[in-house]
K.L.:
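For reference, the structure I am asking about is given below.
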Amino acid sequence: DQQVKQNSPSLSVQEGRISILNCDYTNSMFDYFLWYKKYPAEGPTFLISISSIKDKNEDGRFTVFLNKSAKHLSLHIVPSQPGDSAVYFCAAIISNSGYALNFGKGTSLLVTP
Amino acid sequence: GAVVSQHPSWVICKSGTSVKIECRSLDFQATTMFWYRQFPKQSLMLMATSNEGSKATYEQGVEKDKFLINHASLTLSTLTVTSAHPEDSSFYICSARPPTVFTQYFGPGTRLTVL
């Protein structure tokens with residue numbers, strides 16, 4: 001049962017524009033959310049996270065928004081760069097339940113020049 | 001900071017042999033380490049959670065006698081794939097969690113090919 005869903009398997013954006021990657025979850029017990037970036041044949045790289053007590057967290061070009069009532073979060077990358085092309089995974093944690101990450105299936109982002 | 005290494009990065013073995021993969025947290029102590037498996041074009045599947053000094057907790061459907069996990073120190077966890085078969089061929093990734101934070105930091109992964 002997929003509790004974290006990334007319904008867009010792929011996204012293509014022009015360099016300089018905004019990339020918006022979406023993630024939905026079903027388990028209301030999730031209270032911490034993370035975004036990871038992954039290149040082929042490499043391990044995921046941590047990008048940014050957000051606690052459920054916040055609705056926005058920003059780090060440079062990356063901003064994560066959390067809408068708890070809609071059980072939805074999104075990652076905004078602005079401006080997008082060709083080096084951002086990768087697979088982005090959304091993950092969620094129940095913080096008092098072993099810290100195991102529940103991953104979405106990922107969205108493949110392609111930033112074109 | 002928060003660097004995790006894995007060794008080897010790629011291993012090819014014959015069916016029936018055992019393979020050991022090491023996961024090390026290089027600049028922090030990790031009370032908890034995780035082992036994942038990724039099939040082509042799919043998400044990461046959690047195999048097991050290991051806590052230093054105790055037995056690993058395996059996810060449903062993961063054979064604990066086939067995938068032996070040892071977390072003998074705060075910076076090292078090992079995954080041994082015993083009597084490997086071609087269907088065990090996959091990309092295995094470990095992660096480590098520093099104390100007091102939720103974030104897991106991932107190793108670069110190990111590509112296992114069983115002939």
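The figures here come from the full heavy-atom set of this structure, side chains too, leaving out hydrogens, waters and symmetry mates.
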K.L.:
Side chains of B/Asn51 and B/Thr32: donor-acceptor distance under 3.5 Å anywhere?
P.N.:
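Note: B/Asn51 and B/Thr32 side chains meet the donor-acceptor criterion.
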K.L.:
By a 4.5 Å heavy-atom criterion (distance strictly below it), what part of A/Tyr36 contacts chain B: side chain, backbone, both, or neither?
P.N.:
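Contact with chain B is through the side chain of A/Tyr36 alone.
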K.L.:
For A/Phe103 and B/Tyr36, what are the C-alpha separation, side-chain angles and deciding distance, and is it a ring pair (Phe, Tyr, Trp, His ring centres under 6.0 Å)?
P.N.:
CA-CA 11 Å; A/Phe103 278 100; B/Tyr36 295 82; 5.7 Å; yes
K.L.:
Examine whether an atom of B/Phe91 lies under 4.5 Å from a heavy atom of chain A, and if so say whether it belongs to the side chain, the backbone or both; otherwise answer neither.
P.N.:
side chain
K.L.:
Between A/Ala41, A/Pro40, A/Pro9, which shows the greatest number of heavy-atom pairs under 4.5 Å with chain B?
P.N.:
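Max contact count across the listed options: A/Ala41.
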K.L.:
Pick from A/Glu42, A/Gln2, A/Lys105: which one has the most heavy-atom pairs with chain B under 4.5 Å?
P.N.:
A/Glu42
K.L.:
Is it the side chain or the backbone of B/Glu59 that comes within 4.5 Å of chain A heavy atoms, both, or neither?
P.N.:
neither
K.L.:
One pair to check against ring pair (Phe, Tyr, Trp, His ring centres under 6.0 Å): A/Phe62 and A/His76. What are the steps and the verdict?
P.N.:
CA-CA 6 Å; A/Phe62 303 94; A/His76 293 211; over 10 Å; no
K.L.:
Can you tell me which portion of B/Leu44 sits under 4.5 Å from chain A's heavy atoms? Options are side chain, backbone, both or neither.
P.N.:
both
K.L.:
Below 4.5 Å from any heavy atom of chain B, which atoms of A/Phe89 appear? Answer side chain, backbone, both or neither.
P.N.:
side chain
K.L.:
Tell me who clusters with B/Tyr58, hydrophobic residues only, linked when side chains sit under 4.5 Å apart either directly or through other members.
P.N.:
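Cluster partners of B/Tyr58: B/Val11, B/Val19, B/Ile21, B/Trp35, B/Met45, B/Met47, B/Val62, B/Phe67, B/Ile69, B/Leu79, B/Val81, B/Tyr92, B/Leu112, B/Val114.
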K.L.:
To the closest 0.5 Å, what do you measure between CG (A/Asn57) and CD1 (A/Ile48)?
P.N.:
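The CG atom of A/Asn57 sits 4.5 Å away from the CD1 atom of A/Ile48.
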K.L.:
Not counting sequence neighbours, list each pair that qualifies as a salt bridge (Lys or Arg N to Asp or Glu O under 4.0 Å) and has a residue in residues 31-41 of chain A.
P.N.:
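Not a single pair qualifies under salt bridge (Lys or Arg N to Asp or Glu O under 4.0 Å).
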K.L.:
Given that the side chain runs from C-beta out, which part of A/Leu101 has a heavy atom under 4.5 Å from chain B: side chain, backbone, both or neither?
P.N.:
both
